[in-house]
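This one's a predicted model, so the numbers in the text were calculated from it and none came from an experiment.
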Amino acid sequence: MLRPFRISGLVMALALLGARGAGAQRVSPTDVDCITCHPNVHATMVGAGEKTAVRCRTCHAQAHAPVDQLYTGVGTDSTVLPDKMYLARVACRECHTGAERGAAAGAPRTAALTRACTSCHGARFEQMLPRWSAAMTAHTQAADAYVASAAADPRLAAQPGARARVAAARASVSLVTAGNGLHNVPGADALLRTAVRTVGDAYRAAGLPVPAAPALGPDPAIEACAYCHYGIETVRGTVAGRSFDHADHVLRAGVACTQCHSAANYFTGTAGQVDPRHGHTTVSAASCNDCHHVKSTLACTTCHQPGALAAHADSATLALRLTPAGAPASRRVAFRHDAHAAVACASCHTDRSGVRNVAACTTCHEAHHEQAADCTACHGTSVRSFHTAANHLACTQCHARQTVQLLTGNRTFCLSCHVDRRDHHPAQECAPCHMQMSPAEVQARILGGRR
């Protein structure tokens with residue numbers, strides 16, 4: 001159970017109503033006995049067991065001031081609201097239990113702090129702090145670099161108004177850096193965005209073009225999901241067997257979370273009851289086509305990498321023109337993407353809304369029936385299952401004569417059925433030995449002549 005810091009209802013109300021100026025009386029969550037967190041610092045000088053906060057602050061008056069400002073929102077601009085943990089009266093020591101002080105900076109310390117998160121909020125929150133930490137670090141560095149570039153621009157330095165704006169932007173970023181933005185993620189994010197906008201104002205005031213602003217991810221002030229899922233743009237995964245990148249959607253395409261996920265609140269309304277619909281994915285692989293195969297102007301290879309397609313087994317439907325009654329009108333045949341690497345995707349996938357509907361093979365292979373053609377290249381090695389010894393030399397009984405007359409009864413034609421004999425005298429024709437006739441004479445039988 002949380003042990004909230006003690007604060008009177010009046011003081012809390014003042015903090016919530018925005019009593020930010022001088023003279024506003026409040027109790028800071030950092031107003032604790034310093035030796036609680038720093039038990040062995042200056043022990044001889046201070047004296048064991050003594051109330052030390054007053055003495056420590058003789059020298060360390062502002063030690064935690066930036067953290068205090070961020071966490072409570074007091075003393076910052078109007079864009080920074082108190083953190084929700086502060087409003088819930090959670091004191092520093094509830095998260096900073098001491099376990100992280102002995103851990104090395106970086107992942108080990110984050111892991112120790114994560115245990116404090118999950119001890120109250122449960123295992124579902126295990127990945128939240130690491131993602132927050134990575135995103136806040138990246139966003140702070142990006143904003144800092146943007147502001148630093150403006151500070152070094154002599155065109156702005158020459159104009160007092162622009163110079164003052166850049167200084168204000170630098171102060172905002174410095175507060176986030178000194179106070180660690182994780183103490184109030186939405187508030188810190190608001191300060192970073194304010195800093196970036198202020199730099200833009202400085203350039204506009206100077207009559208100069210504004211440099212491209214850094215990408216800071218979804219704005220928690222606009223996209224409610226981004227408060228808990230801060231840094232979601234860094235998350236990549238797999239959806240319906242295909243790679244999925246949140247950055248492509250929430251940053252570059254501006255897709256709102258609720259376009260793909262349920263808008264249900266985390267809790268159902270019953271105390272402690274989590275709504276299973278919260279964050280549930282509401283789109284299917286087919287519904288992705290609504291954007292990607294209709295509205296999108298991206299090249300197909302942006303999502304469908306050629307290397308992955310080459311290894312992707314697929315099939316196509318071939319139309320059949322057979323004369324017997326009841327004969328099949330089509331057949332599924334194997335299709336190899338790697339054999340078509342030089343062909344533009346849109347040559348076959350002509351309908352973006354129905355990407356599975358493809359152009360007929362004869363669009364490109366109209367003259368595919370020709371002498372010496374390997375039938376198994378398209379029809380596979382199952383040709384024999386559709387033909388018997390009784391009809392295999394009277395092809396025109398089923399197939400169009402104009403198609404069959406393009407074929408020659410040579411070795412390639414024979415191997416369409418007799419695939420198991422490919423290594424049998426590979427340099428010789430089959431007909432002279434097995435039928436005592438030339439390939440040209442075999443062709444006459446193929447066309448319906450004497451058997």
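- Looking at Arg193 and Asp189, a side-chain N of the basic residue comes within less than 4.0 Å of a carboxylate O on the acidic one, giving a salt bridge.
- A 4.5 Å side-chain heavy-atom check between Leu81 and Pro186 finds every atom pair outside the cut-off.
- In summary, the side chains of Tyr86 and Asn184 do not present any donor paired with an acceptor at a separation below 3.5 Å, with no hydrogens or angles considered.
- A pairwise comparison of heavy atoms in Ala195 and Ser172 identifies CB-CB, 4.1 Å as the closest pair.
- Shown here for Tyr146 and Ala213, the closest heavy-atom pair between the two residues is CE1-CA, 3.9 Å.
- Here SG of Cys433 is found 6.0 Å from CD of Gln428. Values are rounded to the nearest 0.5 Å.
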**Request:** Give the intermediate values and the outcome of side chain to side chain contact (heavy atoms under 4.5 Å, CB included) for residues Glu223 and Cys257.
**Result:** CA-CA 8 Å; Glu223 183 63 73; Cys257 301; 3.7 Å; yes
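- Across His261 and His246, no two heavy atoms sit closer than the pair NE2-NE2, 4.4 Å.
- Summarising the geometry, atom SG belonging to Cys430 is positioned 7.5 Å from atom NE2 belonging to His424; distances are rounded to the nearest 0.5 Å.
- Looking at Asp201 and Arg165, no side-chain N of the basic residue comes within less than 4.0 Å of a carboxylate O on the acidic one, giving no salt bridge.
- Taking the six-membered ring for Trp and thresholds of 30 and 60 degrees, His278 and Tyr266 have ring planes more than 60 degrees apart, a perpendicular arrangement.
- Side-chain atoms of Ser119 come within 3.5 Å of backbone atoms of Ala116 as a donor-acceptor pair (strictly under, hydrogens ignored).
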**Request:** Assess whether side chain to side chain contact (heavy atoms under 4.5 Å, CB included) is satisfied between Glu429 and Asn410, documenting all intermediate values.
**Result:** CA-CA 6 Å; Glu429 289 290 348; Asn410 56 12; 3.6 Å; yes
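- Separation of atoms CZ (Arg170) and CG (Asp144) is listed at 6.5 Å; rounding is to 0.5 Å.
- The shortest non-hydrogen separation linking Cys260 to Val255 is SG-CG1, 4.4 Å.
- The heavy-atom pair separating Val199 from Ala169 by the smallest distance is CG2-CB, 3.9 Å.
- No option in Asn180, Asp83, Val185, Leu191 other than Leu191 meets the side chain to side chain contact (heavy atoms under 4.5 Å, CB included) test with Leu70.
- For Glu233 against His139, the heavy-atom pair with the smallest separation is OE2-NE2, 2.8 Å.
- For the pair Leu113/His96, a side-chain contact is recorded, criterion being any heavy-atom separation below 4.5 Å from C-beta on.
- Contact of the Cys95 side chain with the Met85 side chain is registered, since non-hydrogen atoms from C-beta on lie closer than 4.5 Å.
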**Prompt:** Given Leu156 and Arg163, is the side chain to side chain contact (heavy atoms under 4.5 Å, CB included) satisfied, shown in steps?
**Reply:** CA-CA 6 Å; Leu156 298 181; Arg163 189 167 61 246; over 6 Å; no
**Request:** Give the intermediate values and the outcome of side chain to side chain contact (heavy atoms under 4.5 Å, CB included) for residues Val196 and Leu216.
**Result:** CA-CA 10 Å; Val196 170; Leu216 300 181; 4.2 Å; yes
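- Contact of the Leu192 side chain with the Val176 side chain is registered, since non-hydrogen atoms from C-beta on lie closer than 4.5 Å.
- A donor-acceptor distance shorter than 3.5 angstrom exists from the side chain of Thr234 to the backbone of Gly231, with no hydrogens or angles considered.
- At a threshold of 4.5 Å between non-hydrogen side-chain atoms, the residues Pro220 and Tyr230 count as touching.
- Between Arg131 and His229 the shortest side-chain heavy-atom distance falls below 4.5 Å.
- With a 6.0 Å radius and a threshold of 12 heavy atoms from other residues, nucleotides or ligands, Arg204 has its CZ atom above the threshold.
- Using a 4.5 Å heavy-atom cutoff, the side chains of Gln127 and Thr114 are not in contact.
- Judged by distance alone, the side chains of His121 and Glu126 never bring a donor and an acceptor atom under 3.5 Å apart.
- A donor-acceptor pair under 3.5 Å links the side-chain atoms of Asp219 to the main chain of Ala221, judged by distance alone.
- Inter-residue side-chain proximity for Tyr203 and Asp153 is flagged as met; some heavy-atom pair is nearer than 4.5 Å.
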